[in-house]
Amino acid sequence: MTVPRLPFGGPATGRPVLACLAAAGIVAGVLVGRTGLGTVVGCGVAGDYYPSQTAHDWITYADHVLVADAIREQDIHRRDFRKGPIRYQTDRAVTFRVDDILWSARKPRHPMGRSFDMTAPGWQVSRESGERIKRTEADAPRLESGHTYVLALRWTSDEWIVLGEGAAVPFDGHTIGQGEWCGRVLSKENVALGERFSRSDDHSLEKRLLGRNERAITRELDRAGRG
């Protein structure tokens with residue numbers, strides 16, 4: 001199967017969830033991997049392939065905005081290391097079921113089916129203890145099975161990609177900002193606390209609509225389209 005990539009890595013964004021995790025003492029900040037952008041039990045700096053923070057960004061650069069349930073996953077792309085504390089690491093192929101398409105471009109680059117696959121951060125295995133450690137990407141959901149997300153997707157090079165970290169939103173219980181983030185499960189109250197420490201110029205769609213449902217997203221996308 002053709003498995004899309006997650007487009008995270010680049011300049012810092014100061015997202016409220018990262019601030020919340022840091023305030024709670026969760027962020028480890030141990031950078032690993034070939035790009036230096038994966039983290040062990042924590043989140044790093046983040047960036048986007050495309051602008052991804054606002055409703056205008058989504059309708060400008062995405063082909064579809066949808067609610068998707070991560071329904072299964074499997075380890076792929078095992079990479080063994082001859083030296084160092086990590087014996088090997090993997091990615092995960094995550095299969096999503098499309099729950100609802102909230103918006104589509106007038107002429108999308110590719111139709112959206114009932115399900116799709118994405119490559120997500122996998123695991124690192126300690127050489128000494130054999131412990132499996134979650135790998136996460138910078139300031140973004142890990143995309144774990146059993147959780148729901150709002151995703152703004154673009155068809156690029158024959159695969160679906162997320163526009164950027166602002167276009168992958170935890171959505172457990174159909175509640176914006178609630179669910180898996182950086183390998184941790186957060187409530188909307190956790191995220192609201194993090195916003196107290198976030199940048200004052202953070203005008204992301206997720207922050208604007210925290211705690212609300214998909215109807216609020218649809219209204220924002222419609223308003224952006226009329227503007």
Side-chain angles (χ1 to χ4, degrees), residues 1-10 13 15 46-74 76 91-121 137-145 147-172 174-181 203-210 212-227:
M1 73 185 162
T2 300
V3 186
R5 62 193 183 279
L6 285 176
F8 306 121
T13 61
R15 300 288 291 132
D48 297 340
Y49 278 142
Y50 298 93
S52 72
Q53 299 300 313
T54 67
H56 184 265
D57 292 339
W58 289 16
I59 67 169
T60 300
Y61 298 101
D63 292 302
H64 305 282
V65 176
L66 49 85
V67 177
D69 301 311
I71 57 174
R72 60 180 174 270
E73 59 184 66
Q74 64 180 17
I76 58 172
D91 297 328
R92 290 174 301 125
V94 182
T95 299
F96 290 87
R97 181 183 62 237
V98 176
D99 182 39
D100 190 13
I101 297 178
L102 305 182
W103 175 90
S104 291
R106 291 183 180 179
K107 295 182 179 180
R109 295 166 186 82
H110 195 77
M112 174 56 64
R114 295 181 179 179
S115 64
F116 60 96
D117 299 296
M118 298 188 74
T119 294
E137 289 292 337
D139 198 7
R142 199 174 108 93
L143 302 180
E144 296 183 343
S145 58
H147 292 282
T148 303
Y149 304 88
V150 174
L151 303 172
L153 301 178
R154 180 184 176 100
W155 186 256
T156 300
S157 301
D158 295 324
E159 60 184 18
W160 290 116
I161 67 167
V162 177
L163 293 180
E165 60 88 16
V169 177
F171 199 56
D172 284 2
H174 286 235
T175 301
I176 297 167
Q178 178 169 280
E180 183 273 320
W181 189 280
H203 303 300
S204 67
L205 187 61
E206 179 183 1
K207 182 175 180 179
R208 282 173 50 84
L209 302 182
L210 178 64
R212 302 174 72 179
N213 60 23
E214 55 264 62
R215 291 191 296 275
I217 298 174
T218 301
R219 286 195 294 270
E220 288 292 323
L221 296 175
D222 288 343
R223 184 177 296 116
R226 294 195 301 270

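As the structure is a computational prediction, the values presented were derived from the model and not from experiment.
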Side chain to side chain contact (heavy atoms under 4.5 Å, CB included), that's the test. Do I76 and T119 meet it? Break it down for me. CA-CA 9 Å; I76 58 172; T119 294; 4.1 Å; yes
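- Within the 3.5 Å criterion, the main-chain N or O of A93 finds no donor-acceptor partner in the side chain of Q74.
- Judged by distance alone, with hydrogens and angles left aside, the side-chain atoms of D91 form no donor-acceptor pair with the main-chain N or O of P121 at under 3.5 Å.
- Under the 3.5 Å distance criterion, with hydrogens and angles disregarded, a donor-acceptor pair is assigned to the side chains of T95 and D117.
- Of all heavy-atom pairs between W58 and S52, the closest is NE1-O, 2.8 Å.
- Residues G179 and D172 share a closest heavy-atom pair of CA-OD2, 3.4 Å.
- For H174, the NE2 atom counts as densely surrounded, since its 6.0 Å shell holds more than 12 non-hydrogen atoms of other residues, nucleotides or ligands.
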Take T54 and L205, measure what side chain to side chain contact (heavy atoms under 4.5 Å, CB included) needs, and give me the verdict at the end. CA-CA 5 Å; T54 67; L205 187 61; 5.7 Å; no
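- A pairwise comparison of heavy atoms in L151 and V162 identifies CD2-CG2, 4.4 Å as the closest pair.
- Under the ring-ring contact (aromatic ring centres under 6.0 Å, His included) rule, W155 has a single partner from W160, F116, Y61, which is W160.
- Side chains of D57 and T60: a donor-acceptor N/O pair is absent below 3.5 angstrom, by distance only.
- Annotation: the span from Q53 atom CD to E165 atom CD amounts to 4.5 Å, rounded to 0.5 Å.
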Test V94 against E73 for side chain to side chain contact (heavy atoms under 4.5 Å, CB included), laying out the working first. CA-CA 4 Å; V94 182; E73 59 184 66; 4.1 Å; yes
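- Here L210 contributes atom CG and T175 contributes atom OG1; the two are 9.5 Å apart, rounded to the nearest 0.5 Å.
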Pair H147, R142 - check side chain to side chain contact (heavy atoms under 4.5 Å, CB included), show working. CA-CA 10 Å; H147 292 282; R142 199 174 108 93; over 6 Å; no
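- L209 contributes atom CG, which lies 6.5 Å from atom CD1 of I217 (distance to the nearest 0.5 angstrom).
- For the pair D69/F96, no side-chain contact is recorded, criterion being any heavy-atom separation below 4.5 Å from C-beta on.
- Residues forming a salt bridge (charged side-chain N to carboxylate O under 4.0 Å, His left out) with E180 (at least two apart in sequence, or on another chain): none.
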Review item, side-chain donor-acceptor pairs of residues 219-227, under 3.5 Å, at least two apart:
residue, atom, partner, partner atom, Å
E220, OE1, R208, NH2, 3.1
E220, OE2, R208, NH2, 3.1
E220, OE2, R223, NH1, 2.8

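- When atom types are taken as modelled, the side chain of E206 and the backbone of V169 share no donor-acceptor pair closer than 3.5 angstrom.
- Judged by distance alone, with hydrogens and angles left aside, the side-chain atoms of Y149 form a donor-acceptor pair with the main-chain N or O of E144 at under 3.5 Å.
- Side chain of N213 to backbone of R215: a donor-acceptor contact under 3.5 angstrom is found.
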In residues 100-110, what donor-acceptor pairs under 3.5 Å come from side-chain atoms, sequence neighbours left out?
residue, atom, partner, partner atom, Å
S104, OG, H64, ND1, 2.7
R109, NH1, D63, OD1, 2.6
R109, NH1, D63, OD2, 3.4

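- Across every non-hydrogen atom of R154 and A62, the tightest pair is CB-CA, 4.5 Å.
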